[in-house]
Amino acid sequence: MSFTLNFRNILDLYGFQAGDIFDNSPKTLEKNANIFIDALDTNGNGVIDRSEYEHMLNLAGLGKYISDNIFDGGDSNPSYDTDSDGSLSNKELVNMFKNFDDGDNIFDFSESLEFFNQVSNSNIDTSTSFNQYKNILSLARGSVKGCDTDSSTKGKTTIDELGDYFKLLGIKDDNATAEKAAKLFDKNEDGEISLEEYLETYLSWDTDGNGYIDCKAGEASDYMNILPDIYRVPTNEIEQMAQNFIRAIDRYDNMQVEKEEYKDFITKYYGLSESMAEAFIDLYAGSDGSISFNELVSVYSSFDADGSGDLNYEEMIEFQNSLTDIKIDSELISETQYAGLYQMAASVIRSIDDNIDGEITVEEYRAALNAMYSSGDVPLHAAENFIRMLDMDKNGTVNILEAINKYAEMDADSNGYITADENADFQAKLKDSTLYDTVNDEIIDKADRDKNSKISLSEFKAFLKENKMSELIADEAFKLFDRNADGELSRLELMEAFSRYDNSVENLAFIEKLEGSGYVLYEGDGDNELDPDERLKFYEDLAG
C-alpha cells in the first residue's frame, strides 16, 4: 500500500509523525490538540508540561526559547499558558491554534507556519509547500547534526564548528571560509546558527520550491561564491576532474598541486613515472612552481579539442603524451585495449618497482626474480632481457607506458589481453640467455675485477692491455655505450652494445625517432652472439 505524505497535524511541522499515518484527512483544531497531547504527554497527566514541550523541541533540534515564548510570551505573542500552571491543556492548545486559524477550524500548513514564525522568530514564507518544507527541514537537521560537535552549544553551530566541518572537506584556511558561511546563515547575528536559521536560509535558496538545493541550477549561489574554487559546483566535467584531482593529492592543504604531491600520486596510484610529474610542473606550473585549480582547468581545457567541456580518450592521451617522450598512439590502441593493457602493465610495475618511482631497473627486476625462485635456480639473464625488450628510450629502465606499447605489439587481436600464444615469442626471448652469456664470456668474466657485474674505465683499460689492444679505445667505448654516464658499463649496456654488431637491437623505431637519426647497426646475423667478424667490427669501431 502507498499513500501521499501530506501535512496532517502540528507535529508534522517539527518533523514528527503522529496519529494514524494512513489518515490524511484534515484535522480540526481539537483533533490537533489531542494528537499533540497524546504524543508529548509522557507522564500521562493529560496536559503538556513545560519540560515535556522542551523535550520535544530538543528532539526536533530546536531551541528551548520556543517553549519560553509559548509559556511566558514574547515580543510578538502572549503567553499561551493562560492559567500560568506551567502546562498546556487541551483547551489552551485549541485557543493557541485559534490565533492562527482562518475560521474553518482546520489547522492547515500555512497556518502552522504562521504559528512557527511567531514562536520561533523565524520568517518562513507561509506559501511554502509542506513537501518543500519537509525536505528542507531534513537538510537543515543534517547540517545541525553534521556540524554540532560542541556539547556546550548543543543544537547550534558555532564558527569553530563550521571551521571543523570545512576542515573535513579539506578547506583549512583558519576559519576564513567558516566566517563567511556563518554570515549567510546567522540571521540574528548572535554568532551561532540554529536549526531555524538553517531552515530559513535553505528555503530561501530553494527557488524552484522542489525541496532540494540544486547548485548546478544556480541555487545557493551566494554559498558557492564563498567557497574556494575547488569546492564550488563544477560547470563541466573538466572542472570536476580538476577538483577531484587536487582534492585527492593536496597533502599540503594549500588547494594546489605541488611537484612532490604529483610525484607521489602518479607513482603510487597509477604506476606512472615520476619524470612525468617533473614535466607536468615544468610545462604547466605558475611562477610559484605549483598548479592552482584555475591553472589546471586551463591545462585540461587546452586539450579539449572538440570544446565539449570533457576530455575524451583521445584528448586524455594527448595530455598524457605531453608529459613524456614515450607516446601512446590512440589511433592504434583503442580505449578498450588501452584499459586492459594498462591494468596488466600497472600490475607488473607496482609489483616490481621497490622505490616507487614508476621505473623498473635491472636490479629491481632481479630482486623480483630472486623472490620468485626461492630454490636458487634464478634465471638472472631474464632481468636484462626484460629491460632490453621493453626499454624504448634506452635509458636502462622500463616504465608503464613502455610496457603498454610492448604489450600492444603482442596483443594480436587488440582486445587488451595477452593470450599464451601471443605471449610465446616474448617469453622465448625472455628465457634466452645467449646474449647475456656472450657478454659475460667476452668481457664481464674477464674484465670485472671487483666482481660488481660492471666494468669501470680502469678495468676496461686493463682488460684491453692484457689482450694487447690499445687502452685508448676504452674512452671511445664509454662514450658510445655508457648511456647513463655513470662511469661504468653495466651488463645491460654491454648487451645493448653487442646487439648493435649482432643486429639484434630491440625497439629501434622509437630510439631512431628520439635521436633523429638511424641507430647504427651492422650486418650481423642476429643470433645474440658475436662471431669473429662481428667482434672484429666492434673493436674496429672503437679504434676509429
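Position 1 is the first residue of the sequence; numbering continues from there.
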Determine yes or no for a side-chain-to-main-chain donor-acceptor pair under 3.5 angstrom, with [X] supplying the side chain and [Y] the backbone.
{"X": "E409", "Y": "K406", "answer": "no"}
{"X": "E197", "Y": "S194", "answer": "yes"}
{"X": "R232", "Y": "L227", "answer": "yes"}
{"X": "E359", "Y": "S273", "answer": "no"}
{"X": "N321", "Y": "I328", "answer": "yes"}
{"X": "Q243", "Y": "D229", "answer": "yes"}
{"X": "E111", "Y": "D108", "answer": "yes"}
{"X": "Y407", "Y": "Y342", "answer": "no"}
{"X": "E237", "Y": "S308", "answer": "no"}
{"X": "D186", "Y": "D190", "answer": "yes"}

> Which pairs, with at least one residue in residues 274-303 and sequence neighbours excluded, count as a salt bridge (charged side-chain N to carboxylate O under 4.0 Å, His left out)?
Replying inline: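 Counting only pairs at least two positions apart or across chains, the salt bridge (charged side-chain N to carboxylate O under 4.0 Å, His left out) contacts touching residues 274-303 are K259-E278, K263-E278.
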>> If you apply the rule side chain to side chain contact (heavy atoms under 4.5 Å, CB included), what do you find for I70 with L88, and how did you get there?
In response: CA-CA 9 Å; I70 289 173; L88 297 176; 3.9 Å; yes
> At what distance, to the nearest 0.5 angstrom, does OH of Y165 lie from CD1 of I171?
Replying inline: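 Spacing of OH (Y165) from CD1 (I171) equals 8.5 Å.
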> Do other residues, nucleotides or ligands put more than 12 heavy atoms under 6.0 Å from the CZ atom of F303?
Replying inline: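 Above 12, so yes.
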> Would one find more than 12 heavy atoms of other residues, nucleotides or ligands at under 6.0 Å from atom OH of Y417?
Replying inline: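 Count not over threshold, so no.
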> Angle class for the F280/F319 ring planes (parallel below 30°, perpendicular above 60°, tilted otherwise)?
Replying inline: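 Perpendicular, since the angle between the ring planes exceeds 60°.
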> Have T42 and E52 got a donor and an acceptor in their side chains that come within less than 3.5 Å?
Replying inline: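 E52 and T42 do have a side-chain donor-acceptor pair below 3.5 Å.
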>> Please tell me whether S292 and N294 have a donor and an acceptor in their side chains that are separated by less than 3.5 angstrom.
In response: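 No.
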> What pairs with D329 under side chain to side chain contact (heavy atoms under 4.5 Å, CB included), at least two apart in sequence or on another chain?
Replying inline: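 Per chain and number, D329 pairs via side chain to side chain contact (heavy atoms under 4.5 Å, CB included) with E331, L332.
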> Below 4.5 Å, heavy atoms only, C-beta onward: do D72 and D81 meet side chain to side chain?
Replying inline: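 SC-SC contact between D72 and D81 ruled out.
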> Does a side-chain N-to-carboxylate-O contact under 4.0 Å join E179 and K183?
Replying inline: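 A salt bridge is absent here (no side-chain N lies under 4.0 Å from a carboxylate O).
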> Nearest heavy-atom pair of G309 and D304: which atoms, and what distance?
Replying inline: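 G309 and D304 have their closest heavy atoms at N-OD2, 2.8 Å.
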